[in-house]
2 protein chains.
Amino acid sequence: MTSSRTEHDHPILPQILARRSVRRFADRPVEREKLLACVDAARLAPSAENSQPSRFILIDDPAVKKAFGEKAFSGVYRATRWTLDAPALVVLAAKPDFIANRLGRLIQGTPFWLVDIGIAGEHFVLQAQSMGLGTCWIGWFSSRKAGRFLRLPPGVRAAMVLAVGYPAKGWTPGPLRRLDNEAFFSWNAWKK
Amino acid sequence: MTSSRTEHDHPILPQILARRSVRRFADRPVEREKLLACVDAARLAPSAENSQPSRFILIDDPAVKKAFGEKAFSGVYRATRWTLDAPALVVLAAKPDFIANRLGRLIQGTPFWLVDIGIAGEHFVLQAQSMGLGTCWIGWFSSRKAGRFLRLPPGVRAAMVLAVGYPAKGWTPGPLRRLDNEAFFSWNAWKK
């Protein structure tokens with residue numbers, strides 16, 4: 001068991017305050033050992049009934065990235081083609097299992113695997129942040145064309161993409177535009 | 001701008017390795033300032049198009065918690081009624097906006113607000129972890145009855161619940177049962 005000192009000496013809030021979505025990247029590859037640390041953080045994430053629906057595909061080969069992008073960021077999705085400037089892309093695929101997702105969804109209504117993708121992906125993002133890497137969540141891409149390009153098997157869906165790289169020289173974090181506390185949360189009742 | 005020293009001196013991985021879902025809690029209230037730090041972490045989370053769909057309701061009043069639980073954890077949802085042993089519950093409600101979610105979903109197919117709930121909730125979880133608090137994600141509850149109890153306005157849905165508290169005395173973290181790297185991720189192609 002980790003000592004309480006080890007557990008509590010690493011507050012998360014400084015990382016969260018420092019994190020920004022990065023859309024301008026340095027022309028510098030990302031070391032695979034750093035990407036692997038981020039993958040580890042994501043792999044250890046919790047999920048509904050420990051169903052572990054997420055599967056990560058890391059694209060850092062420039063030719064694969066280009067070919068992937070020509071499919072995934074085509075047509076109405078051209079708006080996010082800037083993503084290809086990132087030295088690495090992560091495709092967050094999901095393989096929803098039967099109990100937690102089909103059966104559960106039938107009764108309860110929530111596709112938990114999408115929550116799980118958010119949790120696992122954000123573990124990746126925060127670990128990347130803590131190592132000086134920038135990331136940006138991308139939802140605006142053709143899931144169908146991405147899946148076809150990667151030859152995902154039936155039942156596996158390309159859900160989200162993360163762009164990853166060192167921030168461009170001269171990039172500085174802007175302000176975090178967020179709801180204030182009063183709009184975001186309330187105690188023991190829906191706010192009036 | 002934070003110096004790179006500040007940014008990179010707080011690795012996330014130790015927290016992620018130490019995190020477990022906690023289902024046995026000490027009979028000890030959680031300080032509101034700690035809950036507020038967790039709320040801050042969640043509030044600052046990224047979201048699709050910065051649409052910020054999440055709204056957090058913190059229930060730490062024992063009478064409210066009991067009344068909420070009698071609705072939310074009734075019928076087929078009795079299996080998660082143990083959640084009421086936690087001194088605090090967080091209801092993660094979502095208010096999906098039009099551009100990022102209705103319009104986006106129509107074309108792209110992904111209800112991004114569920115990914116965003118996962119991201120924001122996990123910020124809460126990791127901040128809680130870093131302050132010695134235990135949490136457990138709960139998806140198995142009646143969203144309809146929870147929403148009715150809290151009088152959520154139309155268009156706002158109770159998406160997930162977090163149980164929060166100090167782990168019970170004698171509670172020790174078990175092993176993290178997770179896919180190995182080979183099953184979880186691959187480089188530049190779907191694994192064979």
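Reminder, nothing fancy here: chain letters follow the sequence lines and each chain counts from 1. All values below come from the heavy atoms of this structure, side chains included, with hydrogens, waters and symmetry mates left out.
Residue B:S47: no heavy atom, backbone or side chain, is found under 4.5 Å from chain A. Neither the backbone nor the side chain of B:A120 has a heavy atom closer than 4.5 Å to any heavy atom of chain A. For chain A, the nearby part of B:V64 is the side chain; its heavy atoms alone come within less than 4.5 Å. Only the backbone of B:A45 comes within contact range of chain A, judged by heavy atoms closer than 4.5 Å. Using a 4.5 Å cut-off between heavy atoms, A:L35 touches chain B through its side chain atoms alone. A:L36 touches chain B through its side chain: at least one heavy atom from C-beta onward sits under 4.5 Å away, while N, CA, C and O do not. With a 4.5 Å cut-off on non-hydrogen atoms, B:R32 touches chain A through its backbone and its side chain both. Heavy-atom distances place the side chain of B:Y77, and not its backbone, under 4.5 Å from chain A. For B:V156, the part lying near chain A is the side chain, with the backbone staying farther off; criterion is any non-hydrogen pair under 4.5 Å. Residue contact with chain A, scored on non-hydrogen atoms closer than 4.5 Å, involves the backbone and the side chain of B:A41 alike. For chain A, no part of B:L92 is nearby; none of its heavy atoms comes within less than 4.5 Å.
Here salt bridge (charged side-chain N to carboxylate O under 4.0 Å, His left out) pairs that include residues 146-159 of chain A, with residues two or more places apart or in two chains, number zero.
Contact annotation: the side chain of A:V90 never approaches that of B:F185 to less than 4.5 Å [non-hydrogen atoms, C-beta and beyond]. Looking only at side-chain heavy atoms (C-beta outward), B:F56 and A:S186 stay at 4.5 Å or farther from each other. In this structure the side chain of A:V39 reaches within 4.5 angstrom of the side chain of B:N181, judged on heavy atoms. Contact annotation: the side chain of B:W190 approaches that of A:I57 to within less than 4.5 Å [non-hydrogen atoms, C-beta and beyond].
Within the 3.5 Å criterion, the main-chain N or O of B:L179 finds a donor-acceptor partner in the side chain of A:R43. Side chain of A:N188 to backbone of B:D61: a donor-acceptor contact under 3.5 angstrom is found. A:Q108 places no side-chain N or O within donor-acceptor distance of the main-chain N or O of B:S142, the cut-off being under 3.5 Å. For A:Q127 (side chain) and B:L13 (main-chain N/O), a donor-acceptor pair under 3.5 Å exists by modelled atom type. Between the B:R177 side chain and the A:N50 main chain, no donor and acceptor come within less than 3.5 Å of each other.
Heavy atoms only, all atoms of each residue included: A:L44 and B:L17 are closest at CD1-CD2, 3.5 Å. Of all non-hydrogen atoms in A:T110 and B:L114, the two that sit nearest each other are CG2-CD2, 3.7 Å. Among all heavy-atom pairs drawn from B:V115 and A:W137, the shortest one is CG1-CZ3, 4.0 Å. In plain terms, the two heavy atoms of A:P46 and B:E122 that are nearest each other are CD-OE2, 3.6 Å.
The most heavy-atom pairs under 4.5 Å with chain B, out of A:V91, A:L176, A:D60, come from A:D60.
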